[in-house]
Amino acid sequence: MAGKNASAAATEPLDGNGAAAASDRLEPSLARTRIRSIVAAADPGEMAGKKVVVGGWVRTGREQGKGSFAFLELNDGSCLGNLQVIVDAAVHPLAQLTPTGTCVVVEGELKRPPEGVKQSLELRAEKVLEVGPCDPGKYPLPKTRLTLEFLRDWVHLRARTNTISAVARIRDELAYATHTFFRNNGFRYIHTPIITTSDCEGAGEMFQVTTLFSDAEKVEKELKKNPPPSESDIEAAKAIVKEKGDTVAHLKSVKASKEEISASVTELMKAKENLSRLEERFKLSAGIPQKDDKVDYSRDFFGRQAFLTVSGQLQVETYACALGNVYTFGPTFRAEHSHTSRHLAEFWMVEPEIAFANLEDDMNYAEDYVKFLCQWLIDHCLEDMEFMVKNFDKTAIERLKLVASSPFVRISYTKAIELLEKVTDKKFENPVEWGIDLASEHERYLTEVIFQRPVIVYNYPKGIKAFYMRLNEDGKTVAAMDVLVPKVGELIGGSQREERLDVLQQRILDAGLPLEPYEWYLELRRFGTVKHCGFGLGFERMILFATGLDNIRDVIPFPRYPGRADL
């Protein structure tokens, strides 16, 4: 009891009369019940009669009984389903509660509704604890069906719609499943840098990270506010330094007191500091710093060019060469001026790296991972997937079951080209010949028509793949593989990494890249090189594949693409 009283005293300071000071009191917890636990209750009868507090946003509200009570369809984002809440006019003014978009927190008793009503439970409100009002004349998301394109203009509100909230829950489940899969398989999660000085893909389409522009603006403002000193100001300051120096020398020569010499030295130091500040300001100039007619990146924040990463792969390899099996899962960036339905400027990648492993190991892990994700959604997110089937893609769940249960076909790139060259029932927009990078139409034909299941294509021409992929003995192909799936095409790209130092150096040079930024990467081959492999899964592409939606901008919470970076 003493401990309990001490705790209470610690959290509720007392005033002079022994009462808790009003300014130190805490608002009690609401102990809110999520709507999902009510509408999805295994036995609604057990919950009937319970007192609960629920909060959510009104999807629809209507007054009934000549304004004596109102029905509110309340949704809190925990599931697709709404909870019907009945509020009497005596409990709260109904007009404040019924507009779509209004946020309410209510306390009441769960009841079994009359027979014939689709809800298994409804809430009879006894108190309205909080109201977040919403002006129905200005709220941009009416009850009518809205296009996904329209919702992109309201990115801060679109999560309140059924579609975007369902996508958010599917995305969350896929992220959790990703960490679960790699944890179960002995992988360690590594956070790789978002700011990098190397280009993993060699494409050059990277966002630059620099403070040169903001620094130049600061200098320009500073020079306008406080103009730099003139040459005569510098000469005058130098003269003062000389004068103070001569004074110190004279005092020392006549053996003046320590106090006099010390005071004189202090004056000399102040004069030198003033001269140093003037000289520094004299050198200031507006604009981006130049050296040899080029931007002087040594004056930049990191002392060299830096970029937003296009991939965490190269960096996570350093941990694979120490910890074994690792993975990174984070945002990546491409400064590509593309407006297609498959491209974003900011997107998320899952990139595992496996030590002591070859291309076949890579394919095995990739296949197991994709199957795991598909089965996870069937087991843990069926309600949201059924919504996608009903509203967007009738085959979405069927496709997940197919991928989760079917062994993936594995064929070489050369064999894939041979099969596509024999196609007569379709005219491809991109001509098929050995050496091309397979287009989405080719990938989907392989998965949807020829094999009707996922396909792993391996051993691609070296000319269309990145420098770090292991060169095969034929000298023409690399140990690369892509996992192709119906609906999307390429879902995963991976390879065995080049572990031979001399071959890797030449591959970097052949790609037209300088060796210096990759010296650290080469040292992984100098000091204890190891066969290893890895792959990358575009997370948004996986969500597109699962949901059946058509545009990648609708499966990421805050899409970034040319001309748009809202919020």
Side-chain angles (χ1 to χ4, degrees), residues 26-41 47 50-65 67-111 113 118-146 148 150-172 383-384 387 554 557-558 566-567:
L26 291 173
E27 183 179 356
S29 168
L30 289 173
R32 180 173 66 91
T33 299
R34 293 186 182 275
I35 287 175
R36 176 183 176 84
S37 66
I38 298 172
V39 300
M47 296 197 73
K50 286 188 176 180
K51 294 281 185 75
V52 296
V53 173
V54 299
W57 290 266
V58 175
R59 289 290 175 84
T60 61
R62 64 190 189 279
E63 294 186 26
Q64 297 280 29
S68 61
F69 65 95
F71 288 115
L72 307 179
E73 293 292 325
L74 212 60
N75 187 281
D76 66 357
S78 61
C79 62
L80 274 171
N82 302 325
L83 176 66
Q84 181 167 277
V85 178
I86 304 169
V87 186
D88 289 329
V91 172
H92 197 90
L94 303 181
Q96 296 178 12
L97 306 177
T98 54
T100 297
T102 301
C103 183
V104 299
V105 179
V106 298
E107 181 180 345
E109 184 178 342
L110 292 172
K111 302 268 191 182
K118 65 178 182 178
Q119 290 92 354
S120 57
L121 288 166
E122 61 185 17
L123 183 70
R124 175 73 68 169
E126 296 171 352
K127 295 179 185 176
V128 174
L129 303 177
E130 296 176 13
V131 177
C134 183
D135 184 344
K138 296 180 180 178
Y139 188 57
L141 303 182
K143 289 181 284 186
T144 55
R145 189 179 178 93
L146 303 167
L148 294 176
F150 170 84
L151 290 176
R152 288 175 216 145
D153 290 329
W154 300 95
V155 71
H156 56 297
L157 294 172
R158 68 176 185 166
R160 297 188 187 183
T161 64
N162 283 336
T163 299
I164 301 302
S165 65
V167 169
R169 288 186 291 270
I170 290 169
R171 185 183 178 99
D172 169 67
E383 181 191 31
D384 289 312
F387 173 83
D554 301 320
F558 305 100
D566 299 334
L567 278 64

Checking side chain to side chain contact (heavy atoms under 4.5 Å, CB included) between V54 and each of L129, L83, L30, which is the one that passes?
L83
For the student: nearest non-hydrogen atoms of L121 and M47, plus distance
CD1-CB, 3.8 Å
Between R169 and E383, is there a side-chain N and carboxylate O pair less than 4.0 Å apart?
no
For the student: nearest non-hydrogen atoms of C79 and V39, plus distance
SG-CG2, 3.7 Å
Test your reading of the model: is there a side-chain donor-acceptor pair from N75 to the backbone of L80, 3.5 Å cut-off?
yes
Within-4.5 Å side-chain heavy-atom neighbours: L74 and V104
yes
Do T100 side-chain atoms and P142 backbone N/O form a donor-acceptor pair below 3.5 Å?
no
Distance col, row L151:CG vs L141:CG, nearest 0.5 angstrom, shows 6.5 Å
Give me the ring orientation class for F69 and F71: parallel if the planes are under 30° apart, tilted from 30 to 60°, perpendicular past 60°.
perpendicular
Qualifying residue for side chain to side chain contact (heavy atoms under 4.5 Å, CB included) with L123, from I86, I38, V85:
V85
Tell me if a side-chain donor or acceptor on R160 pairs with a main-chain N or O of S165 at a distance below 3.5 Å.
no
Within this structure, what is the CG-CG distance for the pair N82 and L72, rounded to the nearest 0.5 Å?
11.0 Å
Between A70 and T98, which heavy-atom pair has the shortest distance, and what is it?
CB-CG2, 4.0 Å
Does the pair E109/K111 count as a salt bridge with the N-to-O cut at 4.0 Å?
yes
Short question: side chain of R36, backbone of G77 - any donor-acceptor pair under 3.5 Å?
no
Does the D76 side chain pair with the main chain of S78, one donor and one acceptor, at a distance under 3.5 Å?
yes
Would you say that more than 12 heavy atoms from the other residues, nucleotides or ligands in this model lie under 6.0 Å from the CZ of R34, or not?
no
Point-to-point distance, once rounded to the nearest 0.5 Å, from CG of L110 to CZ of R124
12.0 Å
Compare every heavy atom of G101 with every heavy atom of W57, then report the nearest pair and how far apart it is.
CD1-O, 3.6 Å
